[in-house]
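Here's the structure we're looking at; comments come further down.
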Protein chains: 2
Amino acid sequence: MVAHVRGQGAAYDARRTAILDAVFALVDTEGVAQVTIRRVADRAGVSVGRVQHYFKTKDELLEAASSAINDRGAERVAEHAAGTPGDTLRAILRVLIPRDEEDRRLFRVQQAFETYALTTPALGARVTQGYTELSALFALLLGGPDRTADGQELLATAVGLATLTLTDVITPAEAEVIVLRRVDQLLA
Amino acid sequence: MVAHVRGQGAAYDARRTAILDAVFALVDTEGVAQVTIRRVADRAGVSVGRVQHYFKTKDELLEAASSAINDRGAERVAEHAAGTPGDTLRAILRVLIPRDEEDRRLFRVQQAFETYALTTPALGARVTQGYTELSALFALLLGGPDRTADGQELLATAVGLATLTLTDVITPAEAEVIVLRRVDQLLA
DNA sequence: ATCTAATCAATACCAACGTATTGTTCTGCT
DNA sequence: AGCAGAACAATACGTTGGTATTGATTAGAT
């Protein structure tokens with residue numbers, strides 16, 4: 001499907017993704033600090049040479065992982081745009097709360113890379129852009145540009161609820177009730 | 001002032017704090033991953049032996065730093081309890097938003113250690129406890145235990161606004177307007 | 001069939017890591 | 001004054017880090 005340069009194998013994307021998945025698994029359980037080329041290779045069950053072939057340097061690997069996790073989050077949001085603006089909004093907000101253990105893993109990795117991006121300007125821009133787009137989308141779904149502040153508040157609440165859920169301060173169910181109650185107030 | 005064991009020097013606390021400050025500076029500019037005993041020693045202008053003397057292992061150093069940054073946040077909140085419940089609430093909420101560059105540094109370091117705590121169970125408990133206490137305080141200031149959900153929402157909004165401010169999605173001024181507007185609604 | 005580039009495993013390199021050890025200097029009780 | 005332990009500085013040790021290099025193998029265009 002995708003055009004590729006001469007000689008590039010068909011399994012290129014799959015192998016690349018497998019390596020990135022190993023990075024995510026390591027980040028999830030041990031943090032970005034513990035990510036090493038060797039450990040990534042071990043976790044993925046491949047050689048160091050292979051990892052180096054797909055990502056020339058460690059920085060490149062981490063940047064690709066950061067980008068990939070960002071995209072995965074954006075996809076999750078995009079998948080839930082359907083029905084009335086209100087329904088779309090509710091669906092997206094639900095997706096922003098880590099529900100089961102699989103969600104929690106994803107959110108932990110996202111937070112790890114968000115923190116990593118704080119000290120890596122090139123990545124920081126992407127995080128900012130993602131949040132900014134989501135904020136604009138929220139305002140739009142609430143009624144238009146004059147709901148900008150409401151959109152920002154809603155996004156902030158969702159982001160904060162995710163943090164509180166991830167740190168076991170509240171349960172996913174509590175978070176959902178709170179954010180849905182608030183969005184209903186803002187939609188009324 | 002503080003009771004200390006025999007022979008412990010008077011400058012003990014000051015020297016210990018100086019080392020932790022070096023850790024904070026490193027975490028702020030380079031992230032937890034880049035913290036090494038040698039770099040900490042260099043940044044603090046002391047020998048590796050000194051760092052080792054005050055913190056036997058790197059884990060102990062990071063745990064102490066995490067604890068210290070947590071305490072500093074708690075102090076900032078505690079300082080602003082005065083006047084009516086409403087005024088206290090407003091004052092605390094303002095403190096939870098990174099205003100100037102100095103605030104931003106503190107918040108960046110806090111977020112770095114919060115993420116670090118996600119993969120370090122012993123530290124995770126402290127983070128959870130801190131948020132839980134703050135949530136309970138918010139509910140109390142809003143009127144009592146039956147305002148628990150409102151307290152949680154308010155905390156989530158404040159936490160999220162801090163994140164959005166730190167990532168340059170919104171300005172500190174915007175964040176303050178939003179959270180103060182919301183707390184006024186909840187106090188009415 | 002051949003040839004070129006992609007692919008990858010193996011391994012070597014050196015810097016930097018955390019830590020342990022050693023010995024000296026300083027502090028403060030008695 | 002003298003002694004015990006704190007408070008270092010210096011340095012050595014073994015490990016692991018990222019990266020470079022090399023060579024064998026494979027895939028795919030011609």
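Throughout, a chain's letter reflects where its sequence line sits, starting with A, and its residues are numbered from 1.
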Contact residues, residues 17-25 of chain B to DNA chain C [heavy atom, < 4.0 Å]: none
Sequence neighbours excluded, every pair satisfying salt bridge (Lys or Arg N to Asp or Glu O under 4.0 Å) that has a member inside residues 153-177 of chain B: A:Arg181-B:Glu153, A:Arg182-B:Glu153, B:Arg94-B:Glu176, B:Arg99-B:Glu176, B:Arg104-B:Asp168, B:Glu153-B:Arg182
Contacts of A:Glu30 that satisfy side chain to side chain contact (heavy atoms under 4.5 Å, CB included) - sequence neighbours left out: A:Leu26, A:Gln34
B:Val40 and B:Val48, any side-chain heavy atoms less than 4.5 Å apart: no
Partner residues of B:Glu79 under the side chain to side chain contact (heavy atoms under 4.5 Å, CB included) criterion, sequence neighbours left out: none
Partner set under side chain to side chain contact (heavy atoms under 4.5 Å, CB included) for A:Asp146, not counting sequence neighbours: none
Phosphate-side-chain proximity, B:Tyr54 and D:dC8, N/O vs OP1/OP2 below 4.0 Å: yes
Residues in side chain to side chain contact (heavy atoms under 4.5 Å, CB included) contact with B:Ala65, at least two apart in sequence or another chain: B:Leu20, B:Val23, B:Phe24, B:Phe113
Of all pairs that satisfy salt bridge (Lys or Arg N to Asp or Glu O under 4.0 Å), the ones with a partner from residues 54-74 of chain A, not counting sequence neighbours: A:Asp21-A:Arg72
Spacing of A:His53 atom NE2 relative to D:dT22 atom P, expressed in whole Å: 18 Å
Where at least one partner belongs to residues 81-93 of chain A, residue pairs that pass salt bridge (Lys or Arg N to Asp or Glu O under 4.0 Å), sequence neighbours excluded: A:Asp87-A:Arg90, A:Arg90-A:Asp184
Nearest-Å distance for atom pair CZ/P, residues B:Phe55 and D:dC8: 12 Å
B:Arg50 side-chain N/O to D:dA7 phosphate OP1/OP2 under 4.0 Å: no
Distance, rounded to the nearest Å, where A:Arg16 contributes CZ and C:dT7 contributes C1': 15 Å
Contact state string [nucleotides 13-20 of chain C, B base, S sugar-phosphate only, - no protein heavy atom under 4.0 Å]: ----BBBB
